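In what follows, chains carry the letters A, B, and so on, assigned in the order in which the sequence lines appear, proteins first and then strands, with residues in each chain numbered from 1. Computed from a prediction, not measured in an experiment: that's the story for all the values here.
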Protein chains: 2
Amino acid sequence: MVVGHLTAADADRVFHALADATRRDILIRVIRSEQSVSALARHYPMSFAAVQKHVAVLEKAALVGKKRRGREQMVHAEHETLRRIARLLDAYEDLWRQRNDQITAILEEDDERVEK
Amino acid sequence: MVVGHLTAADADRVFHALADATRRDILIRVIRSEQSVSALARHYPMSFAAVQKHVAVLEKAALVGKKRRGREQMVHAEHETLRRIARLLDAYEDLWRQRNDQITAILEEDDERVEK
DNA sequence: ATGACCTACAACCATGTTGTTGTACGTTAG
DNA sequence: CTAACGTACAACAACATGGTTGTAGGTCAT
């Protein structure tokens with residue numbers, strides 16, 4: 001089992017890759033099942049080369065990987081990266097909860113003072 | 001309670017906003033406690049105007065909000081947006097699990113055939 | 001072997017992003 | 001009132017992004 005730490009540059013790349021509707025759609029498709037680049041390209045109103053670039057962005061972010069099969073490049077999701085970035089956002093949410101807990105604690109402390 | 005649906009353009013803005021280490025750091029700081037733009041700016045090796053722009057990107061993504069207090073603009077986290085984007089990534093992870101469940105089911109079906 | 005298909009990659013263009021500096025204006029402190 | 005502070009915004013330069021077309025090479029089917 002890999003510990004799996006995400007550097008700041010990694011997070012930059014992953015969030016950047018996700019910041020485009022076409023790339024998110026490609027990711028969803030390959031999560032469902034791996035597909036060749038040209039099969040993916042058929043779904044979008046842009047050139048094959050443009051889709052190829054989107055896949056390259058996802059690949060540099062390690063959100064997908066490619067595996068040659070004959071003359072096709074099969075694109076598959078790299079679930080571990082998706083998991084890591086989801087956990088990173090969870091950590092942000094935890095920060096918020098901790099802050100709220102502190103505020104709640106302080107307010108309760110005030111209540112005690114008032115009651116005394 | 002707001003239903004809270006994230007359009008594709010919303011997700012574009014949020015992921016783009018998160019795709020920069022400085023902006024993620026600003027977000028973390030204001031999650032912990034709201035701060036003025038100039039207080040934030042003191043932490044980074046760049047001009048006040050640059051930090052102002054980063055805050056504007058976070059604000060357009062609705063990850064933070066601003067509230068004037070005297071001559072200062074207090075920046076605070078908008079937790080709801082953070083929550084929504086975290087849930088969006090959760091949905092992607094669910095897709096992966098569904099796919100795995102299907103594969104597992106098919107394999108088990110194969111096993112049954114072999115056993116017969 | 002030939003043609004069709006899939007991919008890779010370079011060159012190019014338009015636009016957007018990220019930093020800078022400079023100017024202007026409202027607010028607070030002394 | 002004046003000086004310092006906090007903010008807003010415009011203009012600019014450098015670079016990145018997202019699309020295009022064109023060329024080239026590897027693989028498969030006939």
Side-chain angles (χ1 to χ4, degrees), chain A residues 7-30 33-78, chain B residues 7-30 33-78:
Chain A
T7 69
D10 291 339
D12 286 1
R13 278 186 285 269
V14 175
F15 282 126
H16 169 68
L18 292 172
D20 180 284
T22 301
R23 286 195 291 263
R24 287 194 300 276
D25 196 73
I26 290 173
L27 180 57
I28 288 173
R29 287 183 192 275
V30 301
S33 68
E34 67 171 18
Q35 299 190 38
S36 71
V37 180
S38 52
L40 286 169
R42 281 189 267 277
H43 296 292
Y44 308 101
M46 65 185 74
S47 68
F48 169 80
V51 174
Q52 213 177 12
K53 281 192 185 181
H54 282 305
V55 172
V57 172
L58 288 165
E59 196 179 9
K60 271 169 193 153
L63 280 165
V64 307
K66 286 193 292 193
K67 200 173 58 180
R68 183 165 283 286
R69 202 178 68 188
R71 59 184 168 183
E72 293 179 335
Q73 282 280 23
M74 301 306 290
V75 182
H76 60 91
E78 292 284 5
Chain B
T7 70
D10 290 339
D12 285 1
R13 278 187 284 270
V14 175
F15 282 125
H16 169 68
L18 292 173
D20 180 283
T22 301
R23 286 195 290 264
R24 286 194 301 276
D25 197 73
I26 290 174
L27 181 57
I28 288 173
R29 287 182 192 276
V30 301
S33 70
E34 68 172 17
Q35 299 189 40
S36 71
V37 180
S38 52
L40 287 169
R42 281 188 267 278
H43 296 292
Y44 307 101
M46 66 185 74
S47 68
F48 169 80
V51 174
Q52 215 178 9
K53 282 191 185 179
H54 281 304
V55 171
V57 171
L58 288 165
E59 195 179 10
K60 272 169 194 153
L63 280 165
V64 307
K66 285 193 291 191
K67 200 172 59 178
R68 184 165 284 286
R69 201 177 68 188
R71 62 184 164 183
E72 294 180 333
Q73 283 278 24
M74 301 306 291
V75 182
H76 60 90
E78 293 283 4

For atom [atom1] of [X] and atom [atom2] of [N], their distance in whole Å:
X	N	atom1	atom2	answer
A:R68	D:dG25	CZ	C1'	10 Å
A:M46	D:dT21	CE	P	13 Å
A:K60	D:dT17	NZ	C1'	12 Å
B:D12	D:dT17	CG	P	15 Å
A:E59	C:dT7	CD	C1'	12 Å
B:E72	C:dT28	CD	P	10 Å
A:I26	D:dG18	CD1	P	12 Å
A:K53	D:dT20	NZ	C1'	8 Å

So, is [X] near the phosphate of [N], with a side-chain N or O under 4.0 Å from OP1 or OP2?
X	N	result
A:K66	C:dA8	yes
A:Q73	C:dA8	yes
B:H16	C:dT18	yes
A:S47	D:dT20	yes
B:S38	D:dT7	yes
B:R69	D:dG6	no
A:S36	C:dC6	no
A:Q52	C:dA8	yes

- Report the residue from B:H43, B:E72, B:H76, B:Q73 that forms a side chain to side chain contact (heavy atoms under 4.5 Å, CB included) with B:Q35.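 Among B:H43, B:E72, B:H76, B:Q73, the one meeting side chain to side chain contact (heavy atoms under 4.5 Å, CB included) with B:Q35 is B:H43.
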- Message: Quick check on B:R68: does its CZ atom have over 12 non-hydrogen neighbours (other residues, nucleotides or ligands) under 6.0 Å away?
- Response: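 Yes, because the 6.0 Å sphere around CZ of B:R68 holds more than 12 heavy atoms from other groups.
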- Message: Restricting to non-hydrogen atoms, name the atom on B:L27 and the atom on B:L58 that form the minimum distance, rounded to 0.1 Å.
- Response: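 Heavy atoms of B:L27 and B:L58 come nearest at N-CD1, 4.5 Å.
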- Polar side-chain atom of A:R23 near backbone of A:L18 as donor-acceptor pair, under 3.5 Å: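 No.
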- Answer whether the closest heavy-atom distance between the side chains of A:E34 and A:R69 falls below 4.5 Å.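 Contact flag for A:E34/A:R69 side chains = yes.
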Minimum-distance nucleotide to [X] side chain [options: [options]]:
X	options	value
B:R71	C:dT28, C:dC6, C:dG19	C:dT28
B:F48	C:dT18, D:dA8, C:dT20	D:dA8
A:H54	D:dG19, D:dT17, D:dT21	D:dG19

